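Report on the structure given below.
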Amino acid sequence: MNDRANFGSKLGVILATAGSAVGLGNVWRFPYMAGQNGGAAFILVYIGCVMFLGIPCMISEFIIGRHAQANTARAYQKLSNGTAWLLVGFLGVLTGFLITGYYAVVSGWCLQYIFASVVGQLNGDPEYIKGYFQTFSQDPVKPVLWAIVMLLTTHYVISHGVEKGIERASKLLMPTLFILLLVIVAASCMLPGAGKGIEFLLKPDFMKVDKDVFLGALGQSFYSMSIAMGCLCTYASYFSRHTNLTSSAVQIGLIDCLVAILAGLMIFPAAFSVGVDADSGPSLIFITLPNVFNQAFSSISAVGYVISLLFYGLLSLAALTSLISLHEVSTAFFSEELHISRKHGAWIVTVSCIVIGAFCSLSLGQSDSLQFFGKTLFNWFDFITGQIMLPAGGFLTCLFVGWYIPKKLVRDQYTNWGTLRGNFFQVYLFCVRFVCPICILLVFLHQFGVL
Ligand code: PHE
């Protein structure tokens, strides 16, 4: 083996990679989708998508990264023998890079809401809270500053390296996140009338599960597991020879599902207890929930303050661990390809992402100079990365691992060079060769209304 940086422990591998997976996607999209689309029935479909699609894709990226021991672009290049496949690696790095900037903006909003919870700016009627979010997100300065704070924090972690930076931060942040989550779930489920919310989320209604729901669950599972952004491949290049790729992927998938379900148990009981309809996306987190917290805990307002503070703290942590993994993709790329130190590589990424983030944030403002074809720059980034680059990268990666690279190499990685039994290898191969590419293609066509 070479002297490449490694994660120091098995726990570090799981927590860092689960940190990438657990992010805003778990909190602002999953609960809503589950509630609207058949509750427990949706959750079962989702778990199926994670098992047969998300986990095989994750293992495939692990195989590429650990075999190549290099950043994502170089990893595909090493395995592609000069063919056009190497472009898929670049696509991964580019997708990760572009997302970093706009993900930082949303992460910055969470920080502002921590601040607003502390100074009591979130107390008011629903109209006030809506106005508060609109004024804040359209402000030319504040959101940019918070995005910079988020990126500099990420930069700080990244510049300390893999074991002392990423791994250590994940070991601290992930357990904290989990504790916060449990505290808020407990508080939410103890509210009067919370049972109806739990029922809404967990009552299986198989009638609601149709093609749209299935494809929605699939798309969500890819985003939530950080597939096709270069993150998994880059992290896997720091795994040791002894890391069991399959069991790691399964554990990370389970953690990601568990957090998503707990997020639902945090949101719906509280929303139902005050009779507010939960929404999805930014308006759920930044408009609906502050109202819910205000009303649900109105009898003891101190509890409302604390819960709101804990909630935005939780979101910021979830966002931070994802941002770290996104930043690392480009940092590894620049430092290895330009032969510069990790610190210098990290600066290139931080500064350029600040610029991207600033433009994305400004595009939400009053002036329409940063709007193109009816979409803001922010929405374009979201659309191009999430709906075009992600499926394209995932699809091509499956074909690459399933059909192009030698099967022996895949098996060696899967079984740690024959030292593991390699259970389910055939199932894995079948998923990567057939099930995953076909399903990704369907999601892609569905997004554009073809299906
Ligand atoms: N998985 C993260 C989430 O659920 C998003 C993300 C995507 C993070 C890609 C890193 C890379 O929010």
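These figures come from a predicted structure and were not determined experimentally. Heavy atoms only: backbone and side chains are in, while hydrogens, waters and symmetry mates are out. Whatever order the structure lists them in is the order used to number ligands and atoms, beginning at 1.
Ring to ring, F444 and F448 are close: their centroids are under 6.0 angstrom apart. Two rings, from F311 and Y113, have their centers 6.0 Å or more apart. Here F372 and W380 keep their ring centres 6.0 angstrom or further from each other. Ring pair F97/F333: centre-to-centre distance not below 6.0 Å.
Counting protein heavy atoms only, atom 9 (C) of ligand 1 is closest to M229 CG, 3.2 Å.
D256 and N26 are linked by a side-chain donor-acceptor pair at a separation below 3.5 angstrom, with hydrogens and angles left out of the test.
The distance from ligand 1 to the heavy atoms of L326 drops below 4.0 Å at these ligand atoms: 10 (C), 11 (C). Below 4.0 Å from some heavy atom of N26 lie the following atoms of ligand 1, by number and element: 4 (O). Atom numbering of ligand 1 starts at 1 in the shown order; those under 4.0 Å from a heavy atom of Y223 are 1 (N), 2 (C), 3 (C), 5 (C), 7 (C), 12 (O). Atoms of ligand 1 lying under 4.0 Å from any heavy atom of G23, numbered from 1 in the order shown and given with element: 3 (C), 4 (O), 12 (O). Per-residue contacts place L24 under 4.0 angstrom from the following atoms of ligand 1 (heavy atoms of the residue considered): 3 (C), 12 (O).
In terms of modelled atom types and a separation under 3.5 Å, the side chain of Y223 and the main chain of G386 share no donor-acceptor contact. Checked by atom type and distance alone, the side chain of S188 pairs as donor or acceptor with a backbone atom of M266 at under 3.5 Å. Of the possible polar contacts, one joining the Q220 side chain to the G25 backbone as a donor-acceptor pair under 3.5 Å is found.
At least one N or O atom of A21 sits closer than 3.5 Å to an N or O atom of ligand 1. Residue C231 has no nitrogen or oxygen atom sitting less than 3.5 Å from a nitrogen or oxygen atom of ligand 1, judged on distance alone. Residue V22 places no N or O, backbone or side chain, under 3.5 Å from any N or O of ligand 1. Between Y103 and ligand 1, a contact under 3.5 Å exists for at least one N or O pair.
Comparing heavy-atom distances from atom 6 (C) of ligand 1 across A18, S226, S107 singles out S226 as nearest.
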